[in-house]
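The next block holds one structure in the form of structure tokens; read it before the comments.
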Amino acid sequence: MNGRVGTHAAPSGQGHIVAMGGGGFSMEPDNPLLDDFVLSLSRRQPARVCFVPTASADSYSYLVKFYRAFSARAVATDLTLFESSSLPRRPALTSDLAGYVAEQDVIYVGGGNTANLLAVWRAHGLDRIFREAWTRGTVMAGVSAGMLCWLSGGVTDSFGGMGVLRDGLGLVEASGCPHYDGEVGRRPAFHQAVRDGLPAGYAADDGAALHFVGTALAEVVSSRPAARAYRVAIEGGVVVESVVPTRYLGDAMR
């Protein structure tokens, strides 16, 4: 695809990660601020955006929402691994995944069950393929499970109640917690997990996103004025939660 270079392209050899605690097209269909931010990071415009709904077992309705949100402003496609008569796999063969992913500018991972997502990805080698794409400069984005997967672990409801996941892809060596203000029990569960030895990391409210360039946190952006992200770590033997400065994306629209 030919197109102009994105204005926020990462340095050579470094990719972006946009890890959303909540928000985006599936949670805020009338608020495109976070998704527009993701698109702005692409190396090419219009961006080739690939939606990966593995965590929802390739939900058809989720795919429909994605195409409605992105078809008019990007080259939209998807990567699915659960084949059915109504939804064939794309691409059809696991051996074609590496080439297919290499064609994308943005990988956008949907929410759902993070533990299942990671198991399926590893079975097909996508853990390695996505890491290689990221090192080439691809934007790796996602919400909820699509936030947690890029980190080393964190708090998840993949196992029923609130539990701890310790085998994320680890593109960024930090733990995470999405939906920090949106689901009762997230904050105390994350604090307890860090207290019990989970590596220090970041929590993000619904509407807040952590933007990493390479492995460094560049900034936190939000689609809601009050949404925030937090650094959670052990200091002096106790859990300390610190607010990370957040840039409300709506200010640019005023």
Side-chain angles (χ1 to χ4, degrees), residues 17-35 37-38 51-57 59 61-62 65-66 69 108-118 140-169 171-172 174-196 198-212 217 219-233 239 241-244 246-249:
I17 297 172
V18 183
M20 299 178 242
F25 71 92
S26 60
M27 291 184 66
E28 299 178 321
D30 298 319
N31 183 350
L33 290 175
L34 285 179
D35 291 340
F37 177 75
V38 170
F51 182 51
V52 186
T54 315
S56 63
S59 164
S61 62
Y62 210 168
K65 290 178 181 178
F66 165 72
Y108 193 129
V109 180
N113 190 303
T114 314
N116 290 354
L117 171 151
L118 290 167
M140 317 306 282
V143 59
S144 191
M147 167 192 168
L148 200 55
C149 64
W150 310 119
L151 306 178
S152 57
V155 169
T156 179
D157 58 3
S158 295
F159 308 107
M162 292 297 169
V164 177
L165 183 84
R166 298 182 183 273
D167 63 344
L169 297 188
L171 302 188
V172 174
S175 62
C177 181
H179 306 301
Y180 205 50
D181 68 336
E183 295 181 4
V184 175
R186 288 276 180 174
R187 180 177 259 108
F190 192 37
H191 283 212
Q192 187 61 52
V194 171
R195 189 177 295 114
D196 291 342
L198 186 72
Y202 301 95
D205 290 343
D206 289 340
L210 305 156
H211 174 210
F212 297 91
L217 182 64
E219 65 174 336
V220 175
V221 296
S222 72
S223 59
R224 308 177 187 181
R228 295 289 182 271
Y230 307 84
R231 175 73 175 170
V232 178
V239 175
E241 176 185 288
S242 306
V243 178
V244 180
T246 302
R247 178 168 67 93
Y248 172 52
L249 294 169

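Sequence positions, counted from 1, serve as the residue numbers for this chain.
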* Distance in Å, F159 CZ paired with N116 CG, rounded so as to fall on 0.5 Å steps -> 8.5 Å
* R187 side chain to A203 main-chain N or O, any donor-acceptor pair under 3.5 Å? -> no
* Asked: Are L171 and F212 side-chain neighbours, meaning at least one heavy-atom pair lies under 4.5 Å?
  -> no
* Can you list the residues that meet the ring-ring contact (aromatic ring centres under 6.0 Å, His included) rule with F51, with sequence neighbours excluded? -> F25, Y62, F66
* Nearest 0.5 Å please: distance from the CG atom of L169 over to the CG atom of L117. => 8.0 Å
* Asked: Taking the side chain from T246 and the backbone from V221, do they hold a donor-acceptor pair closer than 3.5 Å?
  -> no
* To do: Kindly confirm or rule out a cation-pi arrangement of R231 over Y202, judged by NZ or CZ under 6.0 Å from the six-membered ring centre and within 45° of its axis?
  => yes
* Which value, rounded to the nearest 0.5 Å, describes the distance between D167 atom CG and C149 atom SG? -> 11.5 Å
* **S158 side chain vs T114 backbone, donor-acceptor pair below 3.5 Å** => yes
* With distance as the sole test, does S26 use its side chain to make a donor-acceptor pair with the main-chain N or O of G24 at under 3.5 Å? -> no
* Asked: Side chain of H179, backbone of D205: donor and acceptor closer than 3.5 Å?
  -> no
* Asked: Do the side chain of D181 and the main chain of D206 share a donor and acceptor less than 3.5 angstrom apart?
  -> yes
* Short question: side chain of S144, backbone of G111 - any donor-acceptor pair under 3.5 Å? -> no
* Asked: Who pairs with H211 by ring-ring contact (aromatic ring centres under 6.0 Å, His included), at least two apart in sequence or on another chain?
  -> H16, F37
* Find the distance between CG (L118) and CG (L148) and round it off to the nearest 0.5 Å. => 8.0 Å
